[in-house]
2 protein chains.
Amino acid sequence: MPHAHHSDACPGCAAAPQAAFARHDHSHCSGDVLARAEALAAEQGVKLTPVRRRVLEILLEEHRALGAYDVLQRLAGEGFGNQPPVAYRALDFLVENGLAHRIRRLNAFAACMHPGEAHAPAFLICRACNHVAEAPAAPVREALDHAAAALGFAIERSNIEALGLCPACRGAGA
Amino acid sequence: MPHAHHSDACPGCAAAPQAAFARHDHSHCSGDVLARAEALAAEQGVKLTPVRRRVLEILLEEHRALGAYDVLQRLAGEGFGNQPPVAYRALDFLVENGLAHRIRRLNAFAACMHPGEAHAPAFLICRACNHVAEAPAAPVREALDHAAAALGFAIERSNIEALGLCPACRGAGA
DNA sequence: TCTTGACATGTTATAGTATAACATACATAG
DNA sequence: CTATGTATGTTATACTATAACATGTCAAGA
Ligand SMILES: [Zn+2]
Ligand SMILES: [Zn+2]
Ligand SMILES: [Zn+2]
Ligand SMILES: [Zn+2]
């Protein structure tokens with residue numbers, strides 16, 4: 001049982017976005033997030049069925065984004081359906097219920113590291129190691145809302161993504 | 001000859017992002033941007049060949065983003081090649097040379113409304129009328145750089161896109 | 001002038017991403 | 001138990017993008 005030292009929030013653990021780019025006890029991240037996800041699903045009255053839960057676990061294995069077909073391949077190998085809609089439906093469910101994010105730049109999906117918390121994420125994608133961090137971006141979102149408001153535009157959904165080099169890969173001189 | 005009243009910058013014309021969502025003299029936008037694009041290409045020593053120029057003109061017809069296959073269909077109807085690479089190559093050229101932008105949320109491309117000017121655009125996409133505005137987003141980009149810097153991440157490219165309702169469509173009660 | 005090399009275009013073929021439409025299973029409420 | 005809604009499975013297809021190769025064009029250099 002990971003992180004028995006606390007039962008709810010875990011400051012500086014899964015919440016720490018820089019962990020995505022550094023060595024860390026990742027079982028802590030994934031265990032923590034998965035527990036929160038289950039709580040959130042129960043709270044919202046939606047069902048985290050076996051496929052859906054398994055897809056979330058797969059996304060949580062690493063701080064990376066996976067394509068739908070990567071996920072599908074994993075599912076198929078584990079006895080679930082092996083046709084695209086199986087993966088897309090589970091992924092869409094996770095996205096719609098705030099348990100995963102779609103990374104448009106990569107045509108891929110990543111687990112949400114802050115399920116249930118109100119957050120306006122920006123995604124930092126390392127082009128060298130492919131790790132993805134969900135950075136807190138409330139100020140970014142605020143600036144975006146402001147720019148939109150200046151034009152009378154009402155934002156409903158937004159995606160903010162950046163490609164570059166993470167600290168580890170910068171050091172390695174990629 | 002459009003906009004003969006000025007020879008270089010055109011404050012409040014193509015530069016005005018809110019124009020994308022309102023009635024306006026669009027030939028002014030397109031004529032102005034096309035002229036700037038030609039100047040910029042010459043200045044950068046790259047060739048705005050007939051296909052490339054035509055693709056830019058097509059993108060400039062409206063404040064919308066077009067899919068590669070939409071562009072291709074237009075090209076094919078005008079005697080250019082009718083295979084995907086013809087469109088993708090021209091579009092990639094325009095994007096790489098700062099004459100167009102890729103809108104990832106739509107898998108589509110839009111003409112850059114500020115070619116040659118240093119700008120950090122955010123794209124506002126109306127889900128009702130499909131118009132796309134290239135909003136000035138220097139503060140947004142600055143906030144994003146700041147959030148990334150806090151994690152030691154070096155941004156190279158970014159995309160900032162928002163979906164919602166433009167002022168016109170909000171009024172229409174969409 | 002002729003050649004050569006760089007670049008642009010054209011074409012064939014295929015890879016990768018996503019969804020429509022229909023069939024089956026399974027739960028829970030009445 | 002049976003009707004209803006929801007989840008899953010499956011078939012087929014649509015949409016997006018690129019690899020690889022062939023042909024054409026033009027200008028610099030021999
Ligand atoms: Zn982790
Ligand atoms: Zn990295
Ligand atoms: Zn216009
Ligand atoms: Zn609109």
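Numbers restart at 1 for each chain; the letters A, B, ... are given by sequence-line order, proteins then strands. Remember, it's a predicted structure, so these values are computed and weren't measured experimentally.
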Legend entry - With A:His26 via ring-ring contact (aromatic ring centres under 6.0 Å, His included) - residues at least two apart: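 Only A:His24, A:His63 meet the ring-ring contact (aromatic ring centres under 6.0 Å, His included) criterion with A:His26.
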What is the distance, rounded to the nearest whole Å, between atom [atom1] of [X] and atom [atom2] of [N]?
| X | N | atom1 | atom2 | answer |
| --- | --- | --- | --- | --- |
| B:Gln44 | C:dC7 | CD | P | 16 Å |
| B:Leu91 | C:dT9 | CG | C1' | 15 Å |
| B:Glu96 | C:dA8 | CD | P | 11 Å |
| B:Asp92 | D:dT18 | CG | C1' | 10 Å |
| B:Arg54 | C:dG10 | CZ | P | 14 Å |
| A:Arg104 | C:dA18 | CZ | C1' | 11 Å |

Please write out the pairs of protein N or O atoms and N or O atoms of nucleotides 7-16 of chain D separated by less than 3.5 Å, giving the distance to one decimal.
from, atom 1, to, atom 2, distance (Å)
D:dA7, O5', A:Arg52, NH2, 3.3
D:dT8, OP1, A:Thr49, OG1, 2.5
D:dG9, N7, A:Arg89, NH2, 2.3
D:dG9, O6, A:Arg89, NH1, 3.1
D:dG9, O6, A:Arg89, NH2, 3.4

Inset, instruction - Starting at CD1 of B:Ile125, measure out to CG of B:Leu165 and round the result to the nearest 0.5 Å. - result: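 So the gap between those two atoms works out to 12.5 Å.
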Inset, instruction - Enter the distance from A:Phe153:CZ to B:Cys126:SG here, rounded to the nearest 0.5 Å. - result: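 These two atoms lie 6.0 Å from each other.
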Legend entry - With B:Asp25 via side-chain contact (heavy atoms from CB on, under 4.5 Å) - residues at least two apart: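 If we apply the side-chain contact (heavy atoms from CB on, under 4.5 Å) test to B:Asp25, skipping adjacent residues, the hits are B:Ser27, B:His28.
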Legend entry - Atom of A:Leu124, atom of B:Ala148 and distance for their closest heavy-atom approach: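 Reported closest heavy-atom pair: CD1-CA, 4.0 Å.
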Inset, instruction - Grab the two heavy atoms, one from B:Leu151 and one from A:Pro17, that are nearest each other, plus how far apart they are. - result: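 Scanning both residues completely, I find the closest heavy atoms to be CD2-CB, 3.6 Å.
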Indicate every side-chain donor-acceptor pair of residues 83-104 of chain B with a distance under 3.5 Å to a residue at least two apart or in another chain.
from, atom 1, to, atom 2, distance (Å)
B:His101, NE2, B:His119, NE2, 3.4
B:His101, NE2, B:Glu134, OE2, 3.1

Inset, instruction - Using five base pairs at each end, measure the axis-to-axis angle across the helix from C:dT1-D:dA30 to C:dG30-D:dC1 and round it to 10 degrees. - result: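 Rounded value for the end-axis angle: 10°.
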Inset, instruction - Please collect all side-chain hydrogen bond (donor to acceptor under 3.5 Å, both in side chains) contacts where either partner lies in residues 65-78 of chain B, sequence neighbours excluded, each pair once. - result: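 Of all non-adjacent pairs touching residues 65-78 of chain B, those that pass side-chain hydrogen bond (donor to acceptor under 3.5 Å, both in side chains) are B:Arg54-B:Glu78, B:Glu61-B:Arg74.
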